[in-house]
S.K.: 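Structure in structure tokens, see below.
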Amino acid sequence: MDTIKTRFAPSPTGYLHIGGARTALFNYVYAKHNGGKFVLRIEDTDFERSEKIFEEDIIESLRWMSIISDEEILHQSERLNIYNSYVEKLLKEGRAYYCFCSKDLLEEDRNKLTAENKKPMYVGRCRELKPGEEMLKTPHVIRFKVERGTGSATFFKDLIRNQIISIENKEIDDFVIVREDGIPTYNFAVVIDDALSGITHVLRGDDHVSNTPKQIMLYNALGFKVPEFAHVSMILGSDGKRLSKRHGATSVIQYKKEGFLPEALVNYLIRLGWSHGNDEILSLDEIIKFFDLKNISKSAAIFNTEKLLWLNSHYIKSKDPFALISLINDISEDSQARLNEDVKTAALVDSLKSRSKTLVELRQKLDFFLNKTVEYNAGVINEFNFNQNDAAFLQVFKDFIISLDDDIFIDGKNLEGLKVSIESIKNAFNDFLSQNGWTMKEKAMIIRLAFTGEKVSPPIYEMIFSLGKERCTERIEAFLGFLSGIKN
RNA sequence: GGCCCCAUAGUCUAGCGGUUAGGACGUUGCCCUCUCACGGCAGUAACACGGGUUCGAAUCCCGUUGGGGCUGCCA
């Protein structure tokens with residue numbers, strides 16, 4: 001048996017969307033599971049809509065998900081003369097013919113057939129034509145001559161359904177294989193490329209099932225070995241309709257920008273339509289290890305952002321804070337300050353990572369720390385009836401901060417040291433509270449508000465550590481000032 | 001319209017002739033707790049419908065309904 005080889009062949013007419021990403025993933029893990037090869041091919045024969053930036057986006061998005069081509073990436077636009085030689089062959093053997101019907105005429109035919117409630121197909125006007133030299137100088141396309149024997153059908157076994165799908169030839173048009181501009185169409189180029197590059201298994205979207213018989217005819221006419229086919233169901237939007245921009249982010253790059261980790265997207269996408277028992281959390285390596293076409297679902301799946309967010313928060317939680325800092329910096333806008341890769345930032349990131357579903361959200365929660373000063377909001381603060389006693393507490397608390405041992409506030413990247421520091425702050429603070437007969441519960445909120453201006457914040461100890469003595473005392477004073485302002 | 005495909009909770013799924021129909025997301029309640037989270041525990045909710053086949057069908061067959069795809073000189 002041949003070594004298994006799969007491919008992902010997108011057209012660079014848009015950013016890589018999650019449906020394509022899932023197809024690429026299926027191809028990649030199937031090849032890898034079987035010790036085979038995965039290749040990428042750019043189907044850029046639609047010159048009108050293909051753009052280089054989309055191609056770059058596709059490659060970069062796949063690379064981000066760790067999906068990398070095992071061979072040089074092919075471009076159909078560079079293989080035009082290869083296709084030509086095969087067209088000649090078909091023409092010579094009478095398996096293809098020139099068609100001079102104008103687009104208007106075809107349109108007319110189609111309308112007529114549709115009006116009669118018939119399938120709009122090419123009527124075969126030029127099928128038996130023997131054009132001379134002069135005629136060939138006029139605009140024409142080349143069509144494949146589909147065998148018309150009564151009852152003739154084309155079939156293939158779909159590996160996902162594990163079932164033969166058969167389509168009668170009368171349902172299939174004499175489809176165009178070379179356009180008027182001499183560029184081959186998808187159905188033609190794809191067959192030649194797959195055959196020539198030795199693709200053994202074609203895993204693609206459900207939307208290609210009706211193309212498959214056409215392609216099989218071409219494989220046979222060209223004398224190529226027909227590969228195996230597996231058609232994966234599509235991803236639908238929350239309303240059960242085909243996924244589109246209406247459903248929010250659809251491109252891989254958008255998910256990256258919104259703070260998703262590639263592990264989460266990969267895990268989500270593979271579980272959308274494939275399963276391994278009750279396993280939910282799967283690394284790429286595990287997916288490759290367990291992957292089997294038998295476990296791919298036949299039905300379409302609705303994309304569910306909630307579950308993706310859950311997986312993303314899972315992977316965020318499992319990461320080292322310094323790794324998170326650099327991931328956040330990677331996706332930060334130019335206008336945003338870069339996070340320092342120091343233990344002060346790491347302390348907060350570490351406590352915030354279980355509170356964030358995306359990297360973007362995590363970064364937002366760091367705003368209070370990144371900003372020079374705090375904006376206090378009377379509305380929020382008035383929800384708590386602070387009085388003179390609270391102001392007095394803050395004064396004492398400030399003294400407590402100042403009294404803290406300077407050795408606690410370490411620098412560098414020492415996470416072990418961080419644990420010790422947090423423990424020291426915790427112990428000192430608890431002593432401070434109990435000596436005065438106070439509890440954490442009754443004092444936490446005012447401290448939180450003083451440090452951040454918000455009702456929600458990272459834990460107090462981490463904030464004391466990360467802000468440091470000076471910024472803590474500054475904020476306490478600023479808050480005290482604000483409090484006296486709203487009292488008057 | 002024609003052709004093809006699909007059908008277990010709101011969502012993703014396990015199941016492959018005999019199960020109290022399992023897991024996960026979400027959601028609800030409780031516990032933990034300095035806020036918010038995390039975590040733990042508990043609850044919630046499904047075999048689209050109708051016929052067969054069979055001692056027995058979520059599982060096999062047929063039909064209905066519903067959904068999706070294709071019906072381009074796009075891929």
Side-chain angles (χ1 to χ4, degrees), chain A residues 9-14 43-46 48-50 76 99 101 103 106-107 110 113-121 139-143 158 160-161 163 165-168 170-173 175-187 189-190 204-213 231 233-234 236 238 240-242 268 271-281 294-295 297-311 313 317 351-357 365 429 433 439-449 452 454-461:
Chain A
S11 65
T13 53
E43 307 219 323
D44 52 356
T45 52
D46 184 345
E48 297 284 309
R49 298 191 301 147
S50 294
Q76 290 190 327
C99 172
C101 298
K103 288 183 182 176
L106 260 17
E107 176 78 29
R110 248 196 298 276
L113 288 165
T114 308
E116 293 170 23
N117 255 338
K118 285 184 184 158
K119 186 175 180 132
M121 288 173 60
H140 61 270
V141 299
I142 297 171
R143 290 181 182 273
D158 186 275
I160 287 170
R161 281 152 258 274
Q163 182 186 311
I165 294 179
S166 173
I167 293 172
E168 292 180 70
K170 67 176 184 191
E171 297 294 334
I172 300 166
D173 229 19
F175 54 97
V176 173
I177 56 175
V178 179
R179 300 187 286 216
E180 197 175 298
D181 58 7
I183 308 298
T185 59
Y186 162 73
N187 279 124
V190 77
R204 75 228 300 202
D206 227 347
D207 49 342
H208 284 290
V209 296
S210 52
N211 284 325
T212 307
H231 292 95
S233 63
M234 316 211 70
L236 272 24
S238 49
K241 300 287 180 202
R242 195 183 190 134
Y268 179 71
R271 275 290 289 109
L272 198 62
W274 175 80
S275 59
H276 181 257
N278 283 334
D279 293 352
E280 292 292 348
I281 305 289
K294 279 204 284 288
N295 299 315
S297 165
K298 292 189 270 289
S299 47
I302 291 174
F303 190 86
N304 181 240
T305 309
E306 297 295 326
K307 189 157 182 181
L308 208 210
L309 282 166
W310 170 71
L311 279 165
S313 60
K317 268 177 290 198
S351 69
L352 250 18
K353 69 183 186 182
S354 65
R355 296 166 160 78
S356 312
K357 290 181 189 292
K365 291 184 192 297
F429 186 63
L433 287 174
T439 64
M440 181 59 146
K441 204 170 191 63
E442 63 191 12
K443 299 301 176 197
M445 190 51 78
I446 194 166
I447 296 171
R448 193 183 330 282
L449 282 165
T452 71
E454 314 257 3
K455 288 184 287 185
V456 175
S457 81
I460 305 282
Y461 313 131

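Residue numbering restarts at 1 for every chain, and letters A, B, ... go by the order of the sequence lines. Everything quoted here is computed from the prediction, not taken from an experiment.
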S.K.: Counting the atoms with a prime plus P, OP1 and OP2 as sugar-phosphate, which does A:Lys119 contact under 4.0 Å by heavy atoms, base, sugar-phosphate, or nothing?
M.R.: base
S.K.: With rounding to the closest Å, how many angstrom separate the P atoms on B:C60 and B:C6?
M.R.: 12 Å
S.K.: According to a strict under-4.0 Å criterion, is A:Ser297 in side-chain N/O contact with OP1 or OP2 of B:U13?
M.R.: yes
S.K.: Taking for each residue the nucleotide of RNA chain B with the nearest heavy atom, is it A:Ile183 or A:Leu308 whose nucleotide lies nearer the 5' end?
M.R.: A:Leu308
S.K.: Write down the distance separating the C1' atoms in B:U33 and B:G39, rounded off to the nearest Å.
M.R.: 11 Å
S.K.: At under 4.0 Å between heavy atoms, what does A:Lys443 touch on the DNA or RNA strands: base, sugar-phosphate, or nothing?
M.R.: nothing
S.K.: Using the C1' atom as the point on both nucleotides, what is the distance between B:C16 and B:G72, in whole Å?
M.R.: 41 Å
S.K.: Check the distance between B:C4's P and A:Asp207's CG and give it to me in whole angstrom.
M.R.: 18 Å
S.K.: Considering all heavy atoms of both residues, which atom of A:Leu311 and which atom of A:Glu280 are nearest to each other, and what is their separation?
M.R.: CD2-O, 4.2 Å
S.K.: State whether A:Ser299 places a side-chain N or O below 4.0 Å from either non-bridging phosphate oxygen (OP1 or OP2) of B:C5.
M.R.: no
S.K.: Pick base, sugar-phosphate or nothing for A:Leu272, based on heavy-atom distances below 4.0 Å to the nucleic acid.
M.R.: sugar-phosphate
S.K.: Could you tell me how far apart A:Ile172 (CD1) and B:C70 (P) are, to the nearest whole angstrom?
M.R.: 16 Å
S.K.: Work out which heavy atom in A:Met440 is nearest to a heavy atom in A:Ile460; give both atom names and the distance.
M.R.: CE-CG1, 3.9 Å
S.K.: How many Å lie between CG on A:Leu352 and P on B:C38, as a whole number?
M.R.: 13 Å
S.K.: Give one of base, sugar-phosphate or nothing for A:Arg161, where a contact means two heavy atoms less than 4.0 Å apart.
M.R.: sugar-phosphate
S.K.: Does A:Lys170 NZ have over 12 foreign heavy atoms under 6.0 Å away?
M.R.: no
S.K.: Between B:A75, B:A14, B:C4, spot the one nearest the side chain of A:Ser275, thanks.
M.R.: B:A14
S.K.: Of the nucleotides B:A24, B:C73, B:G26, which one has an atom closest to the side chain of A:Lys357?
M.R.: B:G26
S.K.: Using a heavy-atom cut-off of 4.0 Å across all strands, would you classify A:Ser457 as base, sugar-phosphate, or nothing?
M.R.: base
S.K.: Is there a donor N/O on one and an acceptor N/O on the other, under 3.5 Å, for the side chain of A:Arg110 and the base of B:U71?
M.R.: no
S.K.: What is the nucleic acid contact for A:Glu306, judged by heavy atoms within less than 4.0 Å: base, sugar-phosphate only, or nothing?
M.R.: sugar-phosphate
S.K.: With rounding to whole Å, what would you report as the distance between B:C36 and B:A21 at their C1' atoms?
M.R.: 38 Å
S.K.: Any base atoms under 4.0 Å from A:Lys103, or only sugar-phosphate, or nothing? Heavy atoms, all strands.
M.R.: base
S.K.: For the C1' atoms, the ones on B:C55 and on B:C41, what distance do you get once it is rounded to whole angstrom?
M.R.: 43 Å
S.K.: What's A:Val141 touching, base or sugar-phosphate or nothing? Going by heavy atoms closer than 4.0 Å.
M.R.: base
S.K.: I want to check one thing: is the phosphate of B:C70, taken as OP1 and OP2, less than 4.0 Å away from some side-chain N or O of A:Arg242?
M.R.: yes
S.K.: Tell me the partner of B:A24, counting only Watson-Crick (N1-N3 plus N6-O4 or O6-N4) or G-U wobble (N1-O2 and O6-N3) with both under 3.5 Å; none if nothing fits.
M.R.: B:U11
S.K.: Rounded to the Å, how far apart are A:Ile160 CD1 and B:U13 P?
M.R.: 12 Å
S.K.: Counting only side-chain N and O atoms of A:Lys317, is one of them less than 4.0 Å from OP1 or OP2 of B:G39?
M.R.: yes
S.K.: Where the side chain of A:Trp310 is concerned, which of B:C12, B:U35, B:G26 is the nearest nucleotide?
M.R.: B:G26
S.K.: Is any side-chain N or O of A:Asn278 under 3.5 Å from a base N or O of B:G22, one able to act as donor and the other as acceptor?
M.R.: yes
S.K.: Ignoring backbone atoms, establish whether A:Lys241 has a side-chain N or O less than 4.0 Å from OP1 or OP2 of B:G67.
M.R.: no
S.K.: Report which part of the nucleic acid A:His208 touches: base, sugar-phosphate, or nothing (heavy-atom distance under 4.0 Å, all strands).
M.R.: base
S.K.: If I pick the C1' atom on B:G15 and the same atom on B:A46, what distance separates them, to the nearest angstrom?
M.R.: 13 Å
S.K.: Output the rounded distance in Å from CE (A:Met440) to C1' (B:C32).
M.R.: 15 Å
S.K.: Does B:U35 have a Watson-Crick or wobble mate here (both distances under 3.5 Å), and if so which one?
M.R.: none
S.K.: If we take the P atom in both B:G66 and B:A48, what is their distance in whole Å?
M.R.: 16 Å
S.K.: Report the base-pairing partner of B:C16 (Watson-Crick or G-U wobble, both distances below 3.5 angstrom), or none.
M.R.: none
S.K.: Below 4.5 Å, heavy atoms only, C-beta onward: do A:Asp158 and A:Gln163 meet side chain to side chain?
M.R.: no
S.K.: Would you indicate which nucleotide in B:A24, B:U71, B:C4 comes nearest to any side-chain atom of A:Pro120?
M.R.: B:U71
S.K.: Hey, are A:Arg204 and A:Thr212 close enough side-chain-wise for a donor-acceptor pair under 3.5 Å?
M.R.: yes
S.K.: Roughly how many Å is it from CG in A:Leu236 to C1' in B:C5, rounded to a whole number?
M.R.: 13 Å
S.K.: If pairing requires Watson-Crick or G-U wobble contacts with both distances under 3.5 Å, which nucleotide is the partner of B:C3?
M.R.: B:G69
S.K.: What nucleic acid atoms does A:Gln163 come within less than 4.0 Å of, heavy atoms only: base, sugar-phosphate, or nothing?
M.R.: sugar-phosphate
S.K.: Which atom names give the shortest non-hydrogen contact between A:Leu272 and A:Phe303, and what distance separates them?
M.R.: CD2-CD1, 4.1 Å
S.K.: Using Watson-Crick or G-U wobble geometry with both distances below 3.5 Å, tell me the partner of B:A48, or none.
M.R.: B:U64
S.K.: Choosing from B:C4, B:C73, B:U11, which nucleotide comes nearest the side chain of A:Ile302?
M.R.: B:U11
S.K.: Quantified in whole Å, what is the C1' atom distance between nucleotide B:U8 and nucleotide B:A24?
M.R.: 15 Å
S.K.: Which one, B:C4, B:C38, B:U35, comes nearest to the side chain of A:Ser354?
M.R.: B:C38
S.K.: Would you mind pulling out the nucleotide paired to B:G29, Watson-Crick or G-U wobble, both distances under 3.5 Å?
M.R.: B:C41
S.K.: Using a heavy-atom cut-off of under 4.0 Å over every strand shown, decide if A:Ser356 touches base, sugar-phosphate, or nothing.
M.R.: nothing
S.K.: When all nucleic acid strands are considered with a 4.0 Å heavy-atom cut-off, which category describes A:Tyr268: base, sugar-phosphate, or nothing?
M.R.: nothing
S.K.: Heavy atoms only, 4.0 Å cut-off, all strands: where does A:Glu180 land among base, sugar-phosphate and nothing?
M.R.: base
S.K.: Rounded to whole angstroms, how far apart are CZ on A:Arg49 and C1' on B:C73?
M.R.: 13 Å
S.K.: Need to verify one output field. Residue with the more 5' nearest nucleotide on RNA chain B, A:Lys307 or A:Lys118?
M.R.: A:Lys118
S.K.: Would you classify A:Gly273 as touching base, sugar-phosphate or nothing, given that sugar-phosphate means primed atoms plus P, OP1 and OP2, and contacts are heavy atoms under 4.0 Å?
M.R.: sugar-phosphate
S.K.: Sort out the partner of B:U53 for me: Watson-Crick or G-U wobble, both distances under 3.5 Å, none otherwise.
M.R.: none
S.K.: Do A:Arg355 and B:C36 have a side chain to base donor-acceptor pair shorter than 3.5 Å?
M.R.: yes
S.K.: Of all heavy-atom pairs between A:Pro12 and A:Glu43, which one has the smallest distance, and what is that distance?
M.R.: CD-O, 3.5 Å
S.K.: Check A:Thr185 against A:Val176 and note the closest heavy-atom contact, atom names and distance.
M.R.: OG1-O, 2.9 Å
S.K.: If I take atom NZ in residue A:Lys298 and atom C1' in nucleotide B:U8, what distance separates them, rounded to the nearest angstrom?
M.R.: 13 Å
S.K.: State, with a plain yes or no, whether a side-chain heavy atom of A:Tyr186 is found less than 4.5 Å away from one of A:His208.
M.R.: yes
S.K.: Can you see which heavy atom on A:Gly240 is nearest to which on A:Ile302, and at what distance?
M.R.: CA-CD1, 4.1 Å
